[in-house]
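Values in this document were obtained by computation on a predicted structure and should not be read as measured data.
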Amino acid sequence: MDANKRSYLLASVMCVVILGADAKIIQPAPATPPTCGQSQSPRVTVGAGIAMNEFPWTALIGYEKPSGAMEFLCGAALIHKRYVVTAAHCIVSIPSGWKVNRVRLGEWDLSKSPDCEGDLCAPTPIDVNVERIIAHPEFTKGGKTAINDIALIRFDRDVTFSEMVHPVCLPTTALVQNADNEAGLAYSSGWGRTVAMLQSDRKQKIVMNIKNPTDCTAAYEPFGVDIQTTQLCVADSGNLDACRIDAGAPLMREIEGAWYLLGVASFGPKHCATNKIPDVYTKVLEYTNWIQDNIN
C-alpha cells in the first residue's frame with residue numbers, strides 16, 4: 001500500500017495492534033459534515049478494484065434458507081441510520097421458504113475475516129436484524145421487466161456511522177435533480193451477487209454510462225419490454241455487461257463533493273457476453289417523496 005493511501009485511511013481514525021506487531025485496525029468514527037455521501041478514498045478510478053472504505057453505504061442483504069443456512073445475495077444502499085434502499089424484487093420475488101433475515105454493513109471481502117488491505121485491517125462488518133420490509137405498493141414483475149422495483153428495509157436498531165459505514169445522499173436537491181444527471185458517467189458497486197448467480201467475494205465498482213432513453217427503448221423493444229420514465233438504462237463503460245453487480249445495488253455519482261444515489265439495479269441481461277443490451281435501474285429521483293414519507 002502506498003503512503004498516500006495509508007495516510008488518508010489513518011487520518012481520521014485511531015489504529016491499534018490486533019494481528020501481530022504490524023497489523024492495524026480502523027476504529028469506528030463519527031461521520032463528518034456533510035452527513036451523507038462521503039467516500040474516503042482520495043480518487044475513484046476506472047476498474048473493478050475498490051478500496052476497503054470506498055462507497056461505505058454499499059450493503060448486502062442476508063437470506064435465511066429453509067435449511068437454516070444464511071446467504072448474502074442482493075445489494076442495497078444505506079440512506080439512514082435505520083434504513084437501506086434496495087430492489088423490491090429482492091424481497092418479494094425470492095425462492096419459496098427463503099426469508100430476508102439481516103443486512104450487512106461495512107463489508108469488503110466475504111471470503112476473509114478480518115478484511116485487510118496491506119497491513120491495514122477493517123473492523124468486523126455489522127450485521128443488523130430486519131424489523132420491517134416496505135416494498136413499493138405498485139411494484140409489479142413479469143417476464144423480463146419489473147416496474148416500481150424499489151423497497152426499504154428498516155433495521156431493529158440504529159447504526160453508528162463510521163468510515164466504513166456511511167449513508168449515501170438521496171437526490172433531493174435542485175442541483176442533483178438537474179436533467180444533466182440523467183446522462184453521462186456514474187458508478188455502481190456491489191459483490192456481483194443475485195438470486196440467480198454468484199460471482200465476486202470482494203466488493204467491486206463498475207464505471208457505468210447512463211444511456212439515452214430512446215436508445216434504451218430501442219434495445220428492449222425486441223423483447224417486448226417497455227422502458228418507463230421511472231427507470232434509467234446504463235451500460236458498462238468498458239463494454240462489459242454489469243451482471244457482476246448485485247440486484248438492488250446502488251448507482252451513484254459524485255456532485256460537488258458528495259455522492260448521490262441515482263438508481264437501484266433492477267434487471268438486465270443474464271449473461272456477461274450480452275454487452276449491447278443495457279441494464280435497467282430504478283430511477284431513485286422519482287421515488288424520493290415515497291422514501292421520505294416512509295422513513296418519516
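- Using a 4.5 Å cut-off between side-chain heavy atoms of Ile, Leu, Val, Met, Phe, Trp and Tyr, with links allowed through other members, V128 and V100 fall into the same hydrophobic cluster.
- The CE atom of M208 sits 11.5 Å away from the OG atom of S189 when rounded to the nearest 0.5 Å.
- The closest donor-acceptor contact from the side chain of N148 to the backbone of E138 lies under 3.5 Å.
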_Criterion side-chain contact (heavy atoms from CB on, under 4.5 Å) on I291 and V284, from CA distance to verdict_ = CA-CA 9 Å; I291 292 171; V284 175; 4.1 Å; yes
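- Two rings, from W259 and F55, have their centers less than 6.0 Å apart.
- The side-chain heavy atoms of V103 and D127, taken from C-beta on, include no pair separated by under 4.5 Å.
- V264 and L285 are members of different hydrophobic clusters when ILVMFWY side chains are connected at heavy-atom separations under 4.5 Å.
- Atoms NZ and CG, from K203 and D246 in turn, are 11.0 Å apart once rounded to the nearest 0.5 Å.
- In this structure, a donor-acceptor pair under 3.5 Å is absent between the side chains of R253 and Y260.
- Put simply, the side chain of S162 gets close to the backbone of M164: a donor and an acceptor are under 3.5 Å apart.
- Within the 4.5 Å cutoff, no side-chain heavy atoms of Y187 are placed close to those of S39.
- No side-chain heavy atom of V165 sits under 4.5 Å from any side-chain heavy atom of P56.
- Listed by chain and number, the residues in a side-chain contact (heavy atoms from CB on, under 4.5 Å) with D158 are K81, R82 (sequence neighbours excluded).
- Rounding to the nearest 0.5 angstrom, the gap separating the CD1 atom in I94 from the CD1 atom in I61 is 9.5 Å.
- Between I91 and I153, the closest side-chain pair of non-hydrogen atoms falls below 4.5 Å.
- The shortest distance between side-chain heavy atoms of L185 and V207 falls below 4.5 Å.
- Every ring pair (Phe, Tyr, Trp, His ring centres under 6.0 Å) that H136 has, sequence neighbours left out, goes to Y287, W290.
- Scanning both residues, A88 and A135, for their nearest heavy atoms gives CB-CB, 4.4 Å.
- A search for ring pair (Phe, Tyr, Trp, His ring centres under 6.0 Å) contacts involving F139 returns nothing, not counting sequence neighbours.
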Name each donor-acceptor pair under 3.5 Å that joins a side chain in residues 105-112 to protein atoms two or more places apart or in another chain, with its distance.
residue: E107; atom: OE1; partner: D109; partner atom: N; Å: 3.3
residue: E107; atom: OE2; partner: R104; partner atom: NH1; Å: 2.9
residue: W108; atom: NE1; partner: I50; partner atom: O; Å: 2.9
residue: D109; atom: OD1; partner: S111; partner atom: N; Å: 2.9
residue: D109; atom: OD1; partner: S111; partner atom: OG; Å: 2.6
residue: D109; atom: OD2; partner: R202; partner atom: NE; Å: 3.4
residue: D109; atom: OD2; partner: R202; partner atom: NH2; Å: 3.4

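- Taking the side chain as every heavy atom from C-beta outward, T288 and P171 approach each other to under 4.5 Å.
- Scanning all heavy atoms of the two residues, the minimum distance from M70 to G62 falls at CE-C, 3.8 Å.
- Between Y281 and A265, the shortest heavy-atom contact is CD2-N, 3.2 Å.
- Under the rule for a side-chain contact (heavy atoms from CB on, under 4.5 Å), the partners of T140 that lie at least two apart in sequence or sit in another chain are I147.
- Summarising the geometry, atom CD1 belonging to I210 is positioned 5.5 Å from atom CG belonging to L262; distances are rounded to the nearest 0.5 Å.
- Distance check, rounded to the nearest 0.5 Å: CZ of R102 to CG of L60 gives 12.0 Å.
- When all heavy atoms of D279 and G268 are compared, the closest pair comes out as OD1-CA, 3.5 Å.
- For the pair K283 (side chain) and T229 (backbone), a donor-acceptor distance under 3.5 Å is present.
- Applying the side chain to side chain donor-acceptor pair (under 3.5 Å) test to every pair with at least one member in residues 214-226, sequence neighbours left out, gives these pairs: N212-T214.
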_side-chain contact (heavy atoms from CB on, under 4.5 Å), that's the test. Do L78 and F161 meet it? Break it down for me._
CA-CA 10 Å; L78 183 68; F161 297 155; 4.0 Å; yes
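- Between V234 and P278 there is no side-chain heavy-atom pair separated by less than 4.5 Å.
- Put simply, the side chain of Q292 never gets that close to the backbone of N289: no donor and acceptor are under 3.5 Å apart.
- Checking side-chain atoms of E54 against main-chain N and O of K205 turns up no donor-acceptor pair under 3.5 Å.
- Between R154 and E131, at least one side-chain N (NZ, or NE/NH1/NH2) sits under 4.0 Å from a carboxylate O, which counts as a salt bridge.
- Hydrophobic cluster membership is shared by W57 and L170, with clusters built from Ile, Leu, Val, Met, Phe, Trp and Tyr side chains linked at under 4.5 angstrom.
- Side-chain contact between T145 and F267 is present, with heavy atoms from C-beta onward closer than 4.5 Å.
- Between D149 and S266, the shortest heavy-atom distance links the atoms OD2-OG, 2.7 Å.
- Between the CG atom in L251 and the OG atom in S188 there is a gap of 5.5 Å [rounded to 0.5 Å].
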*Begin with the C-alpha distance, continue with both residues' side-chain angles, and end with the deciding distance and a verdict on side-chain contact (heavy atoms from CB on, under 4.5 Å) for I295 and I79.*
CA-CA 10 Å; I295 288 177; I79 57 170; 3.7 Å; yes
